[in-house]
Each structure stands twice: as structure tokens, then as C-alpha cells.
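Scroll down for the structure; my scribbles are underneath it.
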Number of protein chains: 2
Amino acid sequence: MGDREFTADCQTRLALDLLSGTWTGVVLWALRDGPLRPGELRARIGGISHKVLTGTLRRLEHDGLVTRRRYAEAPPRVEYALTAPGRGLLVPLSALGRWTERYADDVLDARDLAAEVSGR
Amino acid sequence: MGDREFTADCQTRLALDLLSGTWTGVVLWALRDGPLRPGELRARIGGISHKVLTGTLRRLEHDGLVTRRRYAEAPPRVEYALTAPGRGLLVPLSALGRWTERYADDVLDARDLAAEVSGR
DNA sequence: CAGCATCCGATCTGATACTG
DNA sequence: CAGTATCAGATCGGATGCTG
């Protein structure tokens, strides 16, 4: 989206853009307890491909939400950690989690209902 | 994404998926003060195409975040309004807004820095 | 193990044009 | 004015294979 007309009461756009990728929020959330290596990240998250994880991390790094630390060892070792802005995003993310706890069923019901209506 | 492996500590996925569209969050936010007609929505938001707005509203309706009310009048008149779950999403969204106020500059700086480093 | 390059398929945005 | 259909372009997710 970049920087388009930025309706005054909606600075939320930048943040929504940052989280737009399918896995972005999940990766940030997975890093909430401390630095992790790519392999550990994949294991925890489950279902994310190798390439997509690297891509997501690249973008997070590029936006300053995550730092990449490389250790000069025999088997290459890398760790990713949240920056201050990245940690800050955990607040909205946990708000989203609370919302899900409260309303997930309503959403699923609404979808079922819509499916029934159209499916006959 | 649908219903994939749902890491226990990350129910946030459903909500992230709901907001995944480029305009989803923006439309919800635009409806926060009350029902609006599609035309009004487009005017407020700015930069969203006719088709994409309808598509976004369709999906929101399908997920039970928005209701569509049709008035049988001479010039067709339609209004969209938030449901309870939809209104509930305003909480996480405003948390995202606060995050943006606080960290938007950091993100932009990080991007500039990344651009400089690679651009020489 | 970490990362990159390539290719394919699915999806989304956006422009245009047409129907009630 | 609201909504749908169609088409082109871009992006994204995912699988695979190769390099350090």
C-alpha cells in the first residue's frame, strides 16, 4: 500500500500493512519469549515453509521489528529477536487474541450460516 | 489460511486472517461511528476502488462482522453497520493505532536505513 | 543449518463496462 | 447508486534444488 492518502483518523494503516502477511503476526508472537533460531521457529509454528519463513523474517528485519544475529561457528548459527517496536506489537496482538477467545465462535457460526443459505 | 494446525498459544491466527485483506481493517475502522452507505465509505476511505470495497464488505458480511441493510426506495439505498464482533475488533484496532503513534517513525527510519545500506 | 534462486498456482487489487 | 462480470497485472505462498 505504501503511503497513500492517510485518512486522519486511521494511522492504523501502517500497522495493518506490517501485519498483512499470512505469517507475520504468528512469527512475532512466536518470538515473544525470547530469541529463536529459524529451525526452532519452524518447529513451533508448524505449517510454514522454509522459504516463506525466511521471507517473512527478511521483511520484519527490513521494517526494524526483528534483529538478526549471526554467530561465527562451525554449523552456521543464527538467532532472531524482537526489537522494541516488535515487542510493542505484542500488545495489539494479545488484544487480537482476547478478541478471538470471545468471538471466534460467532465468526464460525456466521460462516456456517452463510454456507447453508447459499448451499440450497 | 482456513483451519490449519492451530498452535495452542496462538489463537490470534483467526483474527489475523480476518484482517488479512488490505482494506478490511480500514473499512471496519471507518464504520466505528455508525452505519454508512457504500458511497460514504468510499469517500471517507479514499483510494479504494468500487469493486474492492464491495468485495471487502461481502467478506465482512460473510464472517458476521458487518450487517447489510437494504431499504426499498427509489434510488437503491444500502447501509452497512458493525455487528457485536465487528465492534469488538475496534479494541485491537485502536491498540494498533496507539502502536503506530508510538513506533511509526522507528519503522520508517529502519526502512530508510535498509534502503541506504543496499543502495550503494 | 541457513539462505537464495526458480518455477508454478492461487489469490488479490484495480480498471472498465454492464445490469437493476 | 449499488452490484456483478471480466480481464490484466502484481503479489504471495509453497515445493524443489543448489550454495556456503
Side-chain angles (χ1 to χ4, degrees), chain A residues 1-5 13 16-28 30-31 35-63 66-81 114 117-118, chain B residues 1-7 13 16-28 30-31 35-63 66-81 114 117-118:
Chain A
M1 195 189 327
D3 25 51
R4 201 79 58 73
E5 38 271 7
R13 291 207 199 186
L16 284 171
D17 242 36
L18 288 174
L19 294 179
S20 65
T22 310
W23 299 100
T24 320
V26 180
V27 170
L28 289 174
L31 286 173
L36 285 179
R37 305 177 55 179
E40 298 169 319
L41 270 171
R42 285 195 65 191
R44 289 209 182 198
I45 292 175
I48 185 173
S49 78
H50 184 171
K51 188 196 104 173
V52 172
L53 175 61
T54 349
T56 305
L57 288 169
R58 279 289 152 288
R59 193 158 51 93
L60 290 173
E61 196 187 355
H62 176 266
D63 291 334
V66 150
T67 55
R68 176 191 136 112
R69 190 162 227 158
R70 213 181 154 288
Y71 298 90
E73 302 182 359
R77 180 185 154 83
V78 175
E79 274 188 355
Y80 291 91
V117 171
S118 70
Chain B
M1 197 190 332
D3 24 53
R4 201 79 57 76
E5 37 271 10
F6 213 80
T7 307
R13 290 208 200 186
L16 285 171
D17 242 38
L18 287 174
L19 295 179
S20 65
T22 310
W23 299 101
T24 320
V26 181
V27 170
L28 288 174
L31 287 173
L36 284 180
R37 305 177 55 179
E40 297 169 318
L41 270 172
R42 284 195 66 192
R44 288 210 183 197
I45 292 176
I48 185 173
S49 79
H50 184 174
K51 188 196 104 175
V52 172
L53 175 61
T54 351
T56 305
L57 288 169
R58 280 288 152 293
R59 193 159 51 93
L60 289 174
E61 196 186 355
H62 175 266
D63 290 335
V66 151
T67 56
R68 177 190 135 114
R69 189 164 227 157
R70 212 182 154 289
Y71 298 90
E73 301 181 359
R77 179 184 154 83
V78 174
E79 274 188 355
Y80 291 91
V117 171
S118 68

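Bear in mind the structure is a predicted one, so any value in this text is a computation, not a measurement. Chain naming here is simple, since letters A, B, ... match the order of the sequence lines and numbering starts at 1 in each.
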Residues in salt bridge (charged side-chain N to carboxylate O under 4.0 Å, His left out) contact with R58(A), at least two apart in sequence or another chain: E61(A)
T56(B): partners by side chain to side chain contact (heavy atoms under 4.5 Å, CB included), with sequence neighbours left out: W23(B), T24(B), V27(B), V52(B), L60(B)
Sequence-distant partners of P76(B), side chain to side chain contact (heavy atoms under 4.5 Å, CB included), two or more places apart: none
Whole-Å gap separating C1' (dC1(D)) and OH (Y80(B)): 12 Å
Rounded interatomic separation in angstrom, taking CG from L53(B) and P from dA15(C): 13 Å
Rounded distance in Å - CZ (R70(A)) to P (dG20(D)): 14 Å
Rounded interatomic separation in angstrom, taking OH from Y71(A) and P from dC1(C): 18 Å
For A43(A), all residues meeting side chain to side chain contact (heavy atoms under 4.5 Å, CB included), sequence neighbours excluded: none
Whole-Å distance separating the CG atom of D17(B) from the P atom of dC12(D): 16 Å
R37(A): side chain to side chain contact (heavy atoms under 4.5 Å, CB included) partners, not counting sequence neighbours: E40(A), R77(A), E79(A)
Touch class at under 4.0 angstrom, heavy-atom based, for R58(A) against every strand present: sugar-phosphate
Atom-pair distance (CD on E79(B); P on dA2(D)), nearest Å: 10 Å
Sugar-phosphate, base or nothing in reach of P75(A), heavy atoms under 4.0 Å: nothing
Between protein and nucleotides 10-13 of chain C, what N or O pairs are separated by less than 3.5 Å?
unit_1: dT13(C); atom_1: OP1; unit_2: T22(B); atom_2: N; d: 3.2
unit_1: dT13(C); atom_1: OP1; unit_2: T22(B); atom_2: OG1; d: 3.4

Nearest-Å distance for atom pair NE2/C1', residues H50(B) and dT19(C): 12 Å
Side chains of L41(B) and I48(B) in contact at under 4.5 Å (non-hydrogen atoms): no
Atom-to-atom span, CD of E73(A) to P of dA2(C) - whole angstrom: 11 Å
Side-chain heavy-atom pair D63(A), R59(A) within 4.5 angstrom cut-off: yes
Contact under 4.0 Å: R77(A) side-chain N or O vs dC1(C) OP1/OP2: no
